[in-house]
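Report on one structure; see the data block that follows.
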2 protein chains.
Amino acid sequence: MSGAPPTQTAQGTKGPRTWQGVRAEVLRRIRARDWPPGTMIPNEADLARELGCARATVNRALRDLAEAGVLDRRRRAGTRVAATPVRRAVLQIPVIRDEIAAQGRDHGYRLLSRALAAPPAATAAALALPEGAQALHVRALHFADAQPFVLEDRWIAPEAAPGVLDADLARISANEWLVRHAPFASGTLSFGAVTADAGLAGLLDCAPGTALLRLDRTTSDGARMVTAAALTYHAGYRLRTTI
Amino acid sequence: MSGAPPTQTAQGTKGPRTWQGVRAEVLRRIRARDWPPGTMIPNEADLARELGCARATVNRALRDLAEAGVLDRRRRAGTRVAATPVRRAVLQIPVIRDEIAAQGRDHGYRLLSRALAAPPAATAAALALPEGAQALHVRALHFADAQPFVLEDRWIAPEAAPGVLDADLARISANEWLVRHAPFASGTLSFGAVTADAGLAGLLDCAPGTALLRLDRTTSDGARMVTAAALTYHAGYRLRTTI
DNA sequence: AAGTGGTCTAGACCACTCC
DNA sequence: GAGTGGTCTAGACCACTTA
């Protein structure tokens with residue numbers, strides 16, 4: 001139910017005294033319509049008594065189901081079965097090199113351009129740059145077995161990524177440099193579709209007019225915006241995940 | 001760092017005696033390169049002593065960071081900072097009606113077709129249907145304020161969704177019917193871009209050749225495949241999430 | 001005002017895995 | 001075999017929210 005099993009200890013039928021067992025039992029009652037959507041379920045203390053375990057165990061199970069969107073929990077108001085379950089899918093966003101390597105293909109990389117420039121207004125806003133400030137603009141192409149895989153078009157705020165101006169981005173992609181030097185950031189992600197113009201078509205080796213998947217991403221180190229990147233994938237690329 | 005704040009109690013700087021405080025402190029040390037990627041960090045008991053809290057509190061914090069992909073934890077082997085951090089983004093997949101309502105727009109719905117038929121081979125395989133078996137094929141259009149929002153093209157295995165053949169899919173969308181009657185399922189999800197042909201362009205009110213975001217989804221109730229759906233969104237639609 | 005979930009503690013045992 | 005994380009317990013206090 002949850003995106004990934006919370007633990008590796010994913011055995012078959014857990015007794016009801018483990019938190020996985022409690023979760024399974026609660027899920028069973030929901031699926032069996034003992035507790036239809038919208039129903040208020042017993043509070044943690046009562047459930048713990050009924051199932052013969054500690055309240056902390058029940059709490060762990062219910063918290064997990066709430067994170068999965070199955071339950072709706074609120075203090076004082078209690079816990080109810082979600083009326084319209086919101087599914088949560090966990091997307092894995094690997095480093096481009098790793099994604100290609102995971103397919104058993106060779107990763108290639110070519111820096112197309114690198115320049116300090118004033119970004120377009122939208123990008124400047126996304127990076128929270130002051131008026132007229134410059135940023136590092138990098139365009140690069142990643143290959144899988146010599147086939148174009150994804151075009152990386154990235155703006156980096158130099159102050160937020162010290163050292164990036166000295167990095168040899170012809171050898172190591174900005175993607176990887178940032179992962180190594182400004183790791184564990186937070187940010188936003190959005191997906192859309194774009195039509196390949198002549199330039200994109202040439203770079204990604206497809207016909208002009210082809211529909212391509214594009215991922216836009218902004219990254220913050222927790223305090224400052226570090227980078228805004230647009231990744232345009234080759235034709236036919238699909239992003240996969242499981243619910 | 002984690003997809004969503006695990007609790008609503010997202011205050012500023014938590015003292016180090018809460019699990020959020022421990023998480024913040026660990027994250028700070030990682031970002032400050034006190035613990036570079038690949039480093040083994042102290043075990044839970046030591047960290048708890050150092051930070052002056054219970055081991056369970058440290059466990060909660062480290063487990064959260066491990067779920068976020070920041071840490072790599074293994075029994076006996078200990079906890080280390082992930083060498084190549086795999087970002088995990090949590091995607092919210094709401095019911096279409098709710099997604100439109102959340103934008104403050106009116107949801108409209110029109111059933112285009114409904115028929116029992118033998119699905120194409122790929123779909124039959126996705127639904128694990130026996131040779132020549134029939135499935136319910138539903139095509140419908142969702143509107144936001146009378147503008148086409150998304151085309152739903154869905155195959156449903158009737159045996160796995162008892163009652164669906166009697167459902168009035170002209171009034172309630174298959175999307176919603178399934179959520180209500182076969183909830184809390186698991187499945188796969190994949191995204192891609194497609195070019196609008198004349199038919200799609202007409203339905204989604206865009207020019208032929210426009211690039212559209214398409215989401216393919218299969219759903220299982222845990223034992224059997226229930227449905228395979230393709231959702232093709234209107235031009236300009238973006239799927240957003242945060243890391 | 002009161003009841004519910006959210007969290008912390010201190011201790012214990014277990015399961016897994018690396019040495 | 002030993003050390004690490006994974007989990008459970010019993011009790012306690014707190015924070016929030018709603019009646």
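Computed from a predicted structure; not experimentally measured. Below, read A as the first sequence line, B as the second, and so on, with proteins coming before strands; counting in each chain starts at 1.
For the pair B/Gln20 and C/dG6, the criterion of a side-chain N or O lying under 4.0 Å from OP1 or OP2 is not met. Phosphate proximity of D/dT7 to A/Thr57: absent, as no side-chain N or O sits under 4.0 Å from OP1 or OP2. For the pair A/Thr79 and C/dG5, the criterion of a side-chain N or O lying under 4.0 Å from OP1 or OP2 is met.
In this structure, the CZ atom of B/Arg23 is 14 Å from the C1' atom of C/dT7, given to the nearest Å. Atom C1' of nucleotide C/dG5 and atom CG of A/Leu65 are separated by 15 Å, given to the nearest angstrom. Straight-line distance from the CZ atom of B/Arg74 to the C1' atom of C/dC19: 14 Å, rounded to whole Å. Counting to the nearest Å, the C1' atom of D/dG5 and the CG atom of B/Asp64 are 16 Å from each other. In this entry the distance linking CG of B/Leu47 with P of C/dT9 reads 13 Å, nearest Å. What separates CG of B/Leu71 from C1' of D/dG6 is a distance of 16 Å, to the nearest Å. Separating the CZ atom of A/Arg63 from the P atom of C/dC8 is a distance of 10 Å, rounded to the nearest angstrom. In this structure, the CG atom of A/Asn59 is 14 Å from the C1' atom of D/dT9, given to the nearest Å.
Proximity note for B/Arg76 (side chain, C-beta onward) versus D/dA2, D/dC8, C/dC8: the nearest is D/dA2. Minimum atom distance to the side chain of A/Arg73 is reached by C/dG5, of the listed C/dC8, C/dG5, D/dT7. Comparing C/dT9, C/dG3, C/dG6 against the side chain of A/Glu44 picks out C/dG6 as the nearest. Among D/dC8, C/dT4, C/dT7, the nucleotide with an atom closest to any side-chain atom of A/Trp19 is D/dC8.
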Taking only N/O atoms, report every protein-nucleotides 11-14 of chain D pair under 3.5 Å with atom names and distance.
from: D/dA12; atom 1: N6; to: A/Arg55; atom 2: NH2; distance (Å): 3.0

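By the salt bridge (Lys or Arg N to Asp or Glu O under 4.0 Å) test, A/Glu50 is found to be paired with A/Arg29, residues two or more places apart in sequence or in another chain being considered. B/Asp216 meets the salt bridge (Lys or Arg N to Asp or Glu O under 4.0 Å) test with A/Arg238, B/Arg214; sequence neighbours excluded. Qualifying ring pair (Phe, Tyr, Trp, His ring centres under 6.0 Å) partners for A/Trp177, counting only residues two or more places apart in sequence or in other chains: A/His181. In this view, A/His107 and A/His142 satisfy the ring pair (Phe, Tyr, Trp, His ring centres under 6.0 Å) rule, not counting sequence neighbours. In this structure A/Glu152 satisfies the salt bridge (Lys or Arg N to Asp or Glu O under 4.0 Å) test together with A/Arg154, sequence neighbours excluded.
Using a 4.0 Å cut-off between a side-chain N of Lys or Arg and a carboxylate O of Asp or Glu, B/Arg63 and B/Glu67 do not qualify as a salt bridge.
Here A/Phe191 and B/Phe191 bring their ring centres to under 6.0 angstrom of each other.
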